[in-house]
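Each remark here refers to the structure printed beneath this line.
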Amino acid sequence: QVQLVESGGGLVQAGGSLGLSCTASKRAFNVYAMGWFRQGPGKEREFVAAIDWAAVTTYYADSVKGRFTLSRDNAKNTVTLQMNNLKPEDTAVYYCAAGPQASRLRYGSDYWGQGTQVTVSS
């Protein structure tokens, strides 16, 4: 059983920053790669970022490279997506994701959080 709980969504001005957190069950956090997807209005769900279990390798979608940073906090069983220089096109529901390999997680997830809304105003 894997449970993922997201927090940190909200409304932010373009150019601003926002941090999203996802807390996983302890066992799942220790053995699974973690990441984030997002789905904007009228759009298909797309990959955002992923990190392996040891935080050695990270992957980012081209659209967020240089602006978003994904990290793990083992003490809190939490991954954080720090989003900087946000753009209106970043507006979406963001979903925490988990899977056995970060490289595979880029293409889909075995487990999903409930989603948290991020809205970026112009």
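- Rounding to the nearest 0.5 angstrom, the gap separating the OG atom in S109 from the CZ atom in R45 is 8.5 Å.
- With sequence neighbours left out, S103 forms a side-chain hydrogen bond (donor to acceptor under 3.5 Å, both in side chains) with no residue at all.
- Nearest approach of T58 to L70, heavy atoms of both residues: CG2-O, 4.2 Å.
- Hydrophobic clustering, defined by side-chain heavy atoms of Ile, Leu, Val, Met, Phe, Trp and Tyr closer than 4.5 Å, leaves V56 isolated from every other such residue.
- Closest approach of A50 to L105, counting heavy atoms only: CB-CD2, 4.1 Å.
- T78 and T23 share a side-chain donor-acceptor pair at under 3.5 Å.
- A pairwise comparison of heavy atoms in W36 and C22 identifies CZ2-CB, 3.6 Å as the closest pair.
- A 4.5 Å side-chain heavy-atom check between Q39 and Y94 finds every atom pair outside the cut-off.
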Item to complete: Take M83 and V64 through the test side-chain contact (heavy atoms from CB on, under 4.5 Å) and record every step on the way to the result.
Response: CA-CA 8 Å; M83 305 183 294; V64 306; over 6 Å; no
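- Shown here for A33 and R72, the closest heavy-atom pair between the two residues is CA-NH1, 4.0 Å.
- For the side-chain hydrogen bond (donor to acceptor under 3.5 Å, both in side chains) test, residues two or more places apart in sequence or in another chain that qualify with D90 are R38, R67.
- Identified under the salt bridge (charged side-chain N to carboxylate O under 4.0 Å, His left out) test for residues 96-114, with sequence neighbours left out: none.
- With sequence neighbours excluded, no residue forms a side-chain hydrogen bond (donor to acceptor under 3.5 Å, both in side chains) with T91.
- The OG1 atom of T69 sits 8.0 Å away from atom CG of L81, with the distance rounded to the nearest 0.5 Å.
- In this structure, W112 shares a hydrophobic cluster with F37, F47, Y59, V93, Y95, the cluster being traced through Ile, Leu, Val, Met, Phe, Trp and Tyr side chains under 4.5 angstrom apart.
- The stretch residues 62-93 participates, sequence neighbours left out, in no disulfide (SG to SG under 2.5 Å) pair at all.
- Between A98 and Y32, the closest heavy-atom pair is CB-CB, 4.4 Å.
- Separating the OG1 atom in T80 from the CG atom in L20 is a distance of 8.5 Å, to the nearest 0.5 Å.
- Applying the side chain to side chain contact (heavy atoms under 4.5 Å, CB included) criterion to K65, with sequence neighbours excluded, gives Y60, D62.
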Going by atom type alone, with no hydrogens or angles, which donor-acceptor pairs under 3.5 Å involve a side-chain atom of residues 6-19 and a protein atom two or more places apart or on another chain?
residue : atom : partner : partner atom : Å
E6      : OE1  : Q114    : N            : 2.9
E6      : OE1  : Q114    : NE2          : 3.2
E6      : OE1  : G115    : N            : 2.9
E6      : OE2  : C96     : N            : 2.6
E6      : OE2  : G115    : N            : 3.2
Q13     : OE1  : S121    : OG           : 3.3
S17     : OG   : N84     : OD1          : 2.9

